[in-house]
Peer 1: 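I am attaching a structure below and will ask some questions about it afterwards.
Computed over heavy atoms, backbone and side chain alike; hydrogens, waters and symmetry mates excluded.
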Amino acid sequence: METCLFGCGQNLHITGCTDGTYYWPESLVHYLAQHAVRLPDEFVEHIQQQPLFPTGTAAAADKNTEADFTWWKTQRGWHPAASSLQYLSKPAIRDFLRRYDQGHIDYSGLSSAADKAALLRMTVELRELLP
């Protein structure tokens with residue numbers, strides 16, 4: 001079990017699954033339902049092209065399964081209409097903002113103006129959660 005990567009506190013299974021083409025966490029439905037995560041178009045198209053979802057062939061990925069986490073690392077962990085930031089504890093928010101303000105978090109992967117604006121919106125929302 002692992003705590004939700006977006007900070008809502010939910011304990012989730014960390015097993016990965018694969019249909020032989022894509023790899024996804026067993027807890028994917030949590031991220032879709034609770035955090036409004038938008039899946040990559042290529043993944044959605046792949047699933048839609050299947051006559052049935054391959055639950056019978058989807059298998060737990062073993063330790064040697066290679067996974068590309070590039071897309072996951074670009075997720076901001078929140079959606080303006082379904083923010084999970086409210087679930088963070090006040091100490092966790094203060095700690096994040098302290099590290100953010102001191103430049104201790106590497107955001108060099110955020111290259112687009114939209115990503116940078118989303119990060120700014122997130123920090124504003126976090127500051128509003130504090131007294």
Side-chain angles (χ1 to χ4, degrees):
M1 298 290 275
E2 178 179 276
T3 303
C4 172
L5 297 172
F6 293 161
C8 73
Q10 180 76 33
N11 288 323
L12 304 168
H13 293 281
I14 59 173
T15 304
C17 298
T18 182
D19 67 351
T21 302
Y22 284 95
Y23 172 88
W24 63 90
E26 183 179 358
S27 55
L28 181 60
V29 71
H30 166 81
Y31 294 104
L32 295 170
Q34 300 300 316
H35 302 290
V37 167
R38 181 170 179 249
L39 297 172
D41 293 338
E42 298 82 16
F43 180 80
V44 173
E45 289 169 14
H46 172 75
I47 296 301
Q48 289 175 336
Q49 291 172 2
Q50 307 307 310
L52 295 172
F53 188 78
T55 52
T57 58
D62 64 27
K63 294 179 198 173
N64 298 321
T65 301
E66 286 195 35
D68 179 357
F69 292 98
T70 305
W71 179 82
W72 282 100
K73 290 179 181 177
T74 65
Q75 300 309 297
R76 292 183 290 275
W78 69 286
H79 183 277
S83 177
S84 60
L85 297 176
Q86 64 199 2
Y87 298 111
L88 294 174
S89 68
K90 301 297 185 216
I93 293 172
R94 284 188 192 92
D95 182 57
F96 170 82
L97 290 172
R98 177 188 53 77
R99 291 182 294 124
Y100 173 81
D101 291 340
Q102 295 175 355
H104 293 168
I105 304 173
D106 178 16
Y107 286 108
S108 60
L110 300 179
S111 56
S112 75
D115 287 343
K116 291 176 183 175
L119 176 62
L120 180 59
R121 284 193 310 270
M122 182 184 75
T123 57
V124 167
E125 184 177 341
L126 284 171
R127 290 181 201 289
E128 290 172 352
L129 292 172
L130 293 176

Peer 1: Nearest 0.5 angstrom please: Ile47 CD1 to Trp24 CH2, how far?
Peer 2: 6.0 Å

Peer 1: With clusters defined by side-chain heavy atoms of hydrophobic residues (ILVMFWY) lying less than 4.5 Å apart, directly or transitively, does Leu32 cluster with Phe43?
Peer 2: yes

Peer 1: Who pairs with Val44 by side chain to side chain contact (heavy atoms under 4.5 Å, CB included), at least two apart in sequence or on another chain?
Peer 2: Leu39, Gln48

Peer 1: Linking I/L/V/M/F/W/Y whenever their side-chain heavy atoms sit closer than 4.5 Å, directly or via other members, would Leu120 and Met122 fall into one cluster?
Peer 2: no

Peer 1: Test of understanding: with salt bridge (charged side-chain N to carboxylate O under 4.0 Å, His left out), list the residues that count as partners of Arg94, not counting sequence neighbours.
Peer 2: none

Peer 1: Would you compute the distance between atom CD1 of Ile93 and atom CD of Glu125 and round it to the nearest 0.5 angstrom?
Peer 2: 9.0 Å

Peer 1: Kindly indicate whether the side chain of Leu129, heavy atoms from C-beta on, has any atom under 4.5 Å from the side chain of Lys90.
Peer 2: yes

Peer 1: Start with the C-alpha gap between Lys116 and Leu119, add the side-chain angles, then the distance that decides, and say whether side chain to side chain contact (heavy atoms under 4.5 Å, CB included) holds.
Peer 2: CA-CA 5 Å; Lys116 291 176 183 175; Leu119 176 62; 5.7 Å; no

Peer 1: Using the rule given for side chain to side chain contact (heavy atoms under 4.5 Å, CB included), can you reason through Gln10 versus Gln34, listing the C-alpha separation, both sets of side-chain angles and the distance that settles it, and then say yes or no?
Peer 2: CA-CA 10 Å; Gln10 180 76 33; Gln34 300 300 316; over 6 Å; no

Peer 1: Could you tell me which non-hydrogen atom of Gly9 sits nearest to which non-hydrogen atom of Cys4, and how far apart they are?
Peer 2: N-CB, 4.5 Å

Peer 1: Please work out which of the three classes, parallel, tilted or perpendicular, describes the rings of Tyr100 and Phe96, given edges at 30° and 60°.
Peer 2: parallel

